[in-house]
Amino acid sequence: MNTKLVVYNSWSGEKEVFTPIHEGRVGMYVCGPTVYSDVHLGNCRTFVSFDIIFRYLKYLGYQVRYVRNITDVGHLEGDADTDAEDKISKKARLEHVEPMEVVQRYSNGFHEMMDIFNTLPPSIEPRATGHIIEQIEMVQDILDNGYGYIKNGSVYFDVQKFINEKDLYGKLSGRVVEDLISLTRDNLKNQDEKEHPSDFAIWIKADPRHLMRWNSPWSVGFPGWHLECSAMSTKYLGKQFDIHGGGTDLKFPHHENEIAQNVGACGTPPAKYWLHSNMLLMNGRKMSKSEGNTITPFQLFTGDSPLISKGYSPMVVRFFMLQSHYRSTLDLTDGALQAAEKGFLRLMEATHTVKELAGAVAKESSSLDQELNEMMDGIFEDMNDDFNTPKAMARVFDLVTRINGLKAGHLSIAEVTPETLDRLQKVIPDVVFELFGLKEETGSDDSALDGVMQLVIDIRRQARTKKDWATADQIRDQLNDLHIQLKDGPEGTTWSKS
RNA sequence: GGUCGGUUGGCCGAGUGGCUAGGCAGAGGUCUGCAAAACCUCGUACAGCGGUUCGAAUCCGCUACCGACCUCCA
């Protein structure tokens, strides 16, 4: 397997061979959530996508430093110098709690949800409020380099000057620079501090009602939204690092402004590769509160929503996400989730079945043996092609069919070499659990239940021996109502939850 | 309005010049006391209209529809 990892770089608009700046190591920064409300299902998709990327990079042997921030100050509702207010400060004011209580509550909720979705924790999870000094220093650097100006205690990034001096602004998001320049003061509404509409705040003087405030050379205030990512990525990954990720809706203005800040302060764009995950849709439209088509993760799990017919477990949802590519929009529908649930259960069953396979004695490779190896190679070739999880998943299901065929005896295990069987028994769990990050959802590993089930199966076997079909069927049907499925095979009966 | 992306079989969703994924649903079969599960077989889809080509779902153009972004967004 000689293929190399190729990633789609939003910066160039092309797929590129991934070559880390420092051999063997990868620095990756992903924009995390603003913790002013419960985590949104769309956020979950983005973080699951980057979890897969993180897992695969590690699988390839890279030493990965994965930084995902928590934004707990500076993210405004509305525009900076109209009547905008910091989201967290506003929430705290309305609920009569400390801003840090808001931050703590939703950070906890976010972590809980990331855990439920079985995402690996990042290497570093820095908070904006923990890096006020770094942000102030970066504002100063930007001012020193002539890319900022001060108005009434607030500091703004001079986008016009940046455009004129560097041919960088708008490149990532495909903005037409002429349009940005031609915006006039007529667009400024009632703003009066910005010199140009496309400028943005990097330090904001706090108005009296604002609860979050720090001293700075310019005013008692707080940092602008985009600044924390620039400051923290620079601190933990350096002025230049490998991968910067986030949802595609962050391209503009967030990432564009981030690049401007990094260039303004450090003289270089921060990341070599920009990866953007696409939006989660609900019934064909971007899930958003104004559309009324939102569903919370918990509603999705419990089924407590008019948009779905029943609840779906977190791993079913994760599996569902893996069946589409991270750069495609993904439409969440009830039917699609039902299909995912069935597929997920079949996959889990196969991870057990593969362990039971034995008797591989072939001395030389048969066509079946070659086929199995090619399918396994294919998984990694697909992952190397910009983390193509749906394609890789298709390969896994090809293998599931072979595994089931071997177990059922339709395919001959004797045609498989011991080496190939060993590989299969390693690759399947590696890919399913380590790479895709799926996990078994048995509810609980209850040895008592196992014992009870063996007892029930045994009693039913006795009934069947006596051709007491009524008892046998009653046991089977009632267990089925409890979502326990009995499977009668030539070698006895097994059970699984359904 | 500007910019970008999409339109694939009953549903979801990959692919992107010839080899025409996968999941779910459906049909037939094997197995089974009957089922279920599993396995086998089947369905031949790429918005429309032109063009390029020996050959296009895949490239180009036009049309239609959908979506995203355009200083709240993951």
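Chain identifiers are assigned alphabetically (A, B, ...) following the order of the sequence lines, protein sequences preceding nucleic acid strands; residue numbering begins at 1 within each chain. This structure is a prediction, so every number in the text was calculated from the model and none was measured.
- For Arg464(A), taking side-chain heavy atoms from C-beta onward, the closest of the listed nucleotides C34(B), A38(B), A74(B) is C34(B).
- If you measure from atom NZ of Lys407(A) to atom P of C40(B), you get 15 Å, rounded to the nearest angstrom.
- Going from atom CE of Met282(A) over to atom P of A68(B) covers 14 Å, rounded to whole Å.
- Aromatic pair Tyr273(A)/His244(A): centroids not less than 6.0 angstrom apart.
- Here Ser10(A) pairs with His276(A) under the side-chain hydrogen bond (donor to acceptor under 3.5 Å, both in side chains) rule; sequence neighbours left out.
- Going from the P atom of U63(B) to that of U20(B) covers 35 Å, rounded to whole Å.
- Atom pair Leu281(A):CG and C69(B):C1' shows a separation of 14 Å (rounding to whole Å applied).
- Distances from the side chain of Ala408(A) to the nucleotides A14(B), A38(B), A74(B) place A38(B) closest.
- RNA chain B forms stems at B:1-7 with B:64-70, B:10-12 with B:22-24, B:26-30 with B:38-42, B:47-51 with B:59-63, each a run of 3 or more consecutive Watson-Crick or G-U wobble pairs whose two key distances fall under 3.5 Å.
- A donor-acceptor contact under 3.5 angstrom links the side chains of Thr471(A) and Asp468(A), judged on distance only.
- Applying the side-chain hydrogen bond (donor to acceptor under 3.5 Å, both in side chains) rule to His410(A) yields no partners; only residues at least two apart in sequence or on another chain are considered.
- Applying the salt bridge (charged side-chain N to carboxylate O under 4.0 Å, His left out) criterion to Glu95(A), with sequence neighbours excluded, gives Lys91(A), Arg105(A).
- The CD1 atom of Ile308(A) sits 21 Å away from the P atom of C11(B) (whole-angstrom rounding).
- Between Asp382(A) atom CG and A14(B) atom C1' there is a gap of 9 Å when expressed in whole angstrom units.
- With sequence neighbours left out, the side-chain hydrogen bond (donor to acceptor under 3.5 Å, both in side chains) criterion links Gln135(A) to no other residue.
- Protein atom CG of Asp331(A) is 11 Å distant from nucleotide atom P of A14(B), rounded to whole Å.
- With RNA chain B read from its 5' end, the first of the two nearest nucleotides for Asn43(A) and Asp385(A) is the one closest to Asp385(A).
- Between Ser328(A) and A14(B), a side-chain N or O to OP1/OP2 separation shorter than 4.0 Å is present.
- Aromatic ring centres of Tyr36(A) and Tyr106(A) lie farther apart than the 6.0 Å criterion allows.
- The distance between atom CG of Asn384(A) and atom C1' of A14(B), rounded to the nearest whole Å, is 17 Å.
- Glu112(A) is linked by a salt bridge (charged side-chain N to carboxylate O under 4.0 Å, His left out) to nothing, counting only residues two or more places apart in sequence or in another chain.
- Between Phe47(A) and the choices Phe110(A), Phe117(A), Phe54(A), the ring-ring contact (aromatic ring centres under 6.0 Å, His included) rule is met once, by Phe110(A).
- One interatomic measurement links the two molecules: CG of Asn257(A) to P of U71(B), which rounds to 11 Å at whole-angstrom precision.
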**OP:** Do nucleotides 21-28 of chain B as a string where each nucleotide becomes B, S or -: B if the base has a protein heavy atom under 4.0 Å, S if just the sugar-phosphate does, - if no protein is that close.
**Re:** BSBSS---
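- G33(B) and G26(B) have their P atoms separated by 25 Å, with the value rounded to a whole Å.
- A74(B) and U41(B) have their P atoms separated by 47 Å, with the value rounded to a whole Å.
- Of the candidates C39(B), A68(B), C70(B), C70(B) carries the atom nearest the Pro253(A) side chain, counting heavy atoms from C-beta on.
- Looking at Asp488(A), its side chain comes within 3.5 Å of the base of A35(B) through a donor and an acceptor atom.
- With RNA chain B read from its 5' end, the first of the two nearest nucleotides for Gly42(A) and Thr333(A) is the one closest to Thr333(A).
- Nearest to the side chain of Phe252(A), among C70(B), C39(B), C34(B), sits C70(B).
- Qualifying salt bridge (charged side-chain N to carboxylate O under 4.0 Å, His left out) partners for Asp430(A), counting only residues two or more places apart in sequence or in other chains: Lys426(A).
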**OP:** May I have the step-by-step check of salt bridge (charged side-chain N to carboxylate O under 4.0 Å, His left out) for Arg285(A) and Asp331(A), ending in yes or no?
**Re:** CA-CA 8 Å; Arg285(A) 292 191 159 261; Asp331(A) 195 3; over 6 Å; no
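- With sequence neighbours left out, the salt bridge (charged side-chain N to carboxylate O under 4.0 Å, His left out) criterion links Arg318(A) to Asp51(A).
- At a cut-off of 3.5 Å, with distance as the only test, a side-chain donor of Arg45(A) or Ser324(A) sits close to an acceptor on the other residue.
- Legend: residues meeting side-chain hydrogen bond (donor to acceptor under 3.5 Å, both in side chains) with Asp385(A), ordered by chain and number and at least two apart, are Lys15(A).
- Near RNA chain B, meaning a heavy atom under 4.0 Å from it, residues 116-126 of chain A has no residue at all.
- A donor and an acceptor atom, one from each side chain of Thr248(A) and Asn278(A), are nowhere located under 3.5 Å apart.
- Nucleotides A25(B) and G50(B) place their C1' atoms 37 Å apart, quoted to the nearest Å.
- A donor N or O paired with an acceptor N or O is not found under 3.5 Å between the base of G33(B) and the side-chain atoms of Asp468(A).
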Distances for protein N/O vs nucleotides 2-5 of chain B N/O pairs under 3.5 angstrom?
from	atom 1	to	atom 2	distance (Å)
U3(B)	O2'	Gly174(A)	O	3.3

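- U16(B) and G28(B) have their C1' atoms separated by 34 Å, given to the nearest Å.
- Judged purely by distance below 3.5 Å, without hydrogens or angles, the side chains of Glu195(A) and Tyr149(A) never pair a donor atom with an acceptor atom.
- Taking atom C1' in both C31(B) and C46(B), one finds a spacing of 37 Å when rounded to whole Å.
- The side chain of Arg476(A) lies closest to G33(B), out of G13(B), G33(B), A38(B).
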